[in-house]
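The block underneath contains the structure these notes are about, expressed in structure tokens.
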Amino acid sequence: MRALSAYIILVFFITLTAFGCGGKESAPQPQVQELILATTTSTMDSGLLDVLIPEFEKETGYQVKPIAVGTGKALAMGEKGEVDVLLTHAPAAERPLVDAAIVINYRRVMHNDFVVVGPPEDPAGIKGKPSAAAFTAIAAAKALFISRGDDSGTHKKELAIWREAGIEPAGKWYQESGQGMGATLRVAAEKSAYTLTDRATYLAQQKNLGLEILVEGDESLLNIYHVMQVNPEKFAKVNAEGAKAFVEFMVSPQIQQSIGEFGKEKYGQPLFFPDAEK
Amino acid sequence: MGVLGEGLTEAIRLLATADPEVLNITLRTLQVSGAATFISVAIGVPTGAFLALARFFGRGAAVSFVNFGMGLPPVVVGLGTWLFLTRYGPLGFLGILYSPAAMIIAQAIIASPIVAGFTVAAVQAVNPKLRLSILALGVTRIQYLWLLLREARLGILAAVIAGFGGVVSEVGASMMVGGNIRGETRVLTTATVLEVSKGNFELATALSAILLLLSFTITATLTYLQQRGAK
């Protein structure tokens, strides 16, 4: 009896182990199938990648492994050759990698914009101000501001605006969530605080939040996404062909069109604006 | 009711319609955590039995070390495994980062000390007089071990339950070395984290409910075997 029990457990776990190990079916078969994409949380949390990646996989036969991390970490992974292709949104931080030829085939894909959101009562009175002036007003009122604090593209942008306003944000009113955009928005909502967010994530989560867009539209709030491949001459182990195919795919007219369409139906406005031709 | 009610309704709907994506995530969870538990039993039970029975210099330190390992933070294990498996890391040539295999390795590292620690306690709890009388039967060393493990079986099944419970519920290591890739390394815990960050609380609640149900079913089955063994 006991031997039987032990046997059942054994068979159970072996079955589990064997289960699901079967391969996936796919159309063309490139040499190295696996392609690691390091990207920002916004492309994942907004659902854009869930639309684009299956299409890319079907078209080319590559198997994409998207790793959604902040732009800072994504770039760091690219710098070490740990990933094949990057989709990030911090041009100032990307530039040194391009200049050092760590990444090549650097192409602009799309943009959307950052917005400053906050409670509808707007205690610091920032509504309609330009971004730097709005940040100055928040600091002057010591109104609660939630920062990503995670070296992401959005965090880098936020710090750039503080620099523009000539303020070193510190104190009880300035808190760091250390989490992705979605989580940070919810912290801000719960605490009736201000935060800087990309428009796509905000629109995707609007229904749960009760935060309003207070500042939008100025030049420094532009959020530009670039795709780039890690230079195979520096890192022999990267999947150069797959990465090149992904870059070409992202800037192809057909995908540019689907990027422009994405979210229109659900949110009444697009979340990203294609601009590969620019 | 709100989110909680909607989440539970959603869980029932997903289960009733056998939603392919949720099914895939659930089976992946079972596969990864099941394999990790299996490996940790293969490593942990012999190690635990050895530490319980052998007398050697430094044994106390070794047992302390195992007991310390029972509380290894999954994120630390995840980070360590990640560093070893990255492309230019010491084991990078394996090319298994961001695959179920990497998750199984990390989870097995988490569960092995748990299983070993419980086994040490279970084997040592066997009445010493019984040990002597088994020896008095004139059995071989292997038979002795086998009989002893049989006597300790309740505690050893508890070790399996604790090991499985430890890995099926962790998220830090799975996220780090698995990458939460859809259809490949997405398990119930990492899927829940993703849905929360997307703001889909209903789906996140549904996934949590399914995880609890899964964990309960496995634990109940093992407990049933354990209690039947107690008679």
Side-chain angles (χ1 to χ4, degrees), chain A residues 1-6 8-10 12-21 24 32 34 36-38 41 44-47 49-50 53-54 57 63-69 77 80-84 179-186 189 201-202 204-209 230 235-238, chain B residues 3 23-24 26-39 41-42 82 85-89 92-93 95-101 104 149-150 153 156-157 160 164 175-176 178-185 193-201 218 221-222 224-226 228-229 231:
Chain A
M1 210 60 226
R2 270 163 216 142
L4 184 67
S5 308
I8 291 172
I9 298 178
L10 190 70
F12 177 69
F13 281 122
I14 290 177
T15 321
L16 285 182
T17 315
F19 192 86
C21 284
K24 269 189 194 171
V32 191
E34 191 180 286
I36 304 179
L37 162 70
T41 51
M44 183 71 93
D45 287 358
S46 61
L49 288 180
D50 287 343
I53 285 177
E57 290 182 336
Q63 211 186 329
V64 181
K65 299 191 162 185
I67 311 299
V69 291
M77 285 164 104
K80 294 195 180 78
E82 302 289 1
V83 296
D84 304 309
Q179 297 192 68
M181 198 65 251
T184 303
L185 276 169
R186 277 193 308 285
T201 310
Y202 171 75
Q205 305 226 353
Q206 201 175 9
K207 64 173 170 111
N208 305 318
L209 293 175
V230 176
F235 301 100
K237 290 184 187 176
V238 299
Chain B
V3 170
L23 199 66
N24 177 294
T26 308
L27 292 172
R28 183 70 61 195
T29 308
L30 267 174
Q31 181 207 353
V32 169
S33 296
T37 309
F38 187 70
I39 294 169
V41 168
W82 191 87
L85 293 179
T86 54
R87 215 172 247 170
Y88 292 95
F93 63 90
I96 56 169
L97 191 62
Y98 306 127
S99 73
I104 292 171
L149 286 178
R150 262 184 64 167
R153 67 187 173 276
I156 289 172
L157 260 170
V160 178
F164 181 79
M175 195 63 122
M176 222 175 292
N180 191 26
I181 294 158
R182 189 180 190 181
E184 193 163 347
T185 58
V193 171
L194 177 67
E195 293 309 331
V196 167
S197 74
K198 280 180 168 178
N200 295 333
F201 293 105
I218 305 274
T221 311
L222 290 172
Y224 172 73
L225 293 173
Q226 182 194 42
R228 220 173 45 164
K231 281 175 196 163

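Order of the sequence lines sets the chain letters (A, B, ...), proteins ahead of strands, with each chain counted from 1.
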Practice prompt. Among Gly81(A), Gly47(A), Pro54(A), single out the residue with the greatest number of heavy-atom pairs under 4.5 Å to chain B.
Written response: Gly81(A)

Worksheet entry | Cation-pi check, Lys80(A) onto Tyr88(B) ring (under 6.0 Å, within 45° of axis) | no

Discussion item. Would you compute the distance between atom CG of Leu194(B) and atom CG of Asp45(A) and round it to the nearest 0.5 angstrom?
Written reply: 6.5 Å

Worksheet item: Rounded to the nearest 0.5 Å, how far does CE of Met44(A) lie from CD1 of Ile53(A)?
Response: 6.5 Å

Worksheet item: How far does CZ of Phe164(B) sit from CZ of Phe38(B), to the nearest 0.5 angstrom?
Response: 14.0 Å

Fill in: Val69(A) versus chain B, the contacting section by heavy-atom distance below 4.5 Å
neither

Worksheet item: Any sub-3.5 Å donor-acceptor pair from Glu184(B)'s side-chain atoms to Gly178(B)'s backbone N or O?
Response: no

Fill in: Residue selection (most heavy-atom pairs with chain A, distance under 4.5 Å) from Asn24(B), Thr86(B), Thr221(B)
Thr86(B)

Worksheet item: What part of Tyr224(B) gets closer than 4.5 Å to chain A, counting heavy atoms only: side chain, backbone, both or neither?
Response: neither

Item to complete: Could you check which of Glu34(A), Met181(A), Lys65(A), Lys207(A) has the highest count of heavy-atom pairs closer than 4.5 Å to chain B?
Response: Lys65(A)

Worksheet item: What part of Val41(B) gets closer than 4.5 Å to chain A, counting heavy atoms only: side chain, backbone, both or neither?
Response: neither

Response to the item:
Ranking Leu185(A), Ile36(A), Thr41(A), Asp50(A) by heavy-atom pairs under 4.5 Å to chain B gives rank one to Asp50(A)

Worksheet item: Is the backbone of Gln179(A) close enough, under 3.5 Å, to the side chain of Thr184(A) for a donor and an acceptor to pair up by distance?
Response: yes

Worksheet item: Which bit of Met77(A) comes within less than 4.5 Å of chain B, counting heavy atoms only: side chain, backbone, both or neither?
Response: side chain

Discussion item. Quick check on Thr185(B) against chain A: is it the side chain, the backbone, both or neither that has a heavy atom closer than 4.5 Å?
Written reply: neither

Worksheet entry | Candidate pair Val160(B) and Gln226(B), rule side chain to side chain contact (heavy atoms under 4.5 Å, CB included), full reasoning | CA-CA 10 Å; Val160(B) 178; Gln226(B) 182 194 42; over 6 Å; no

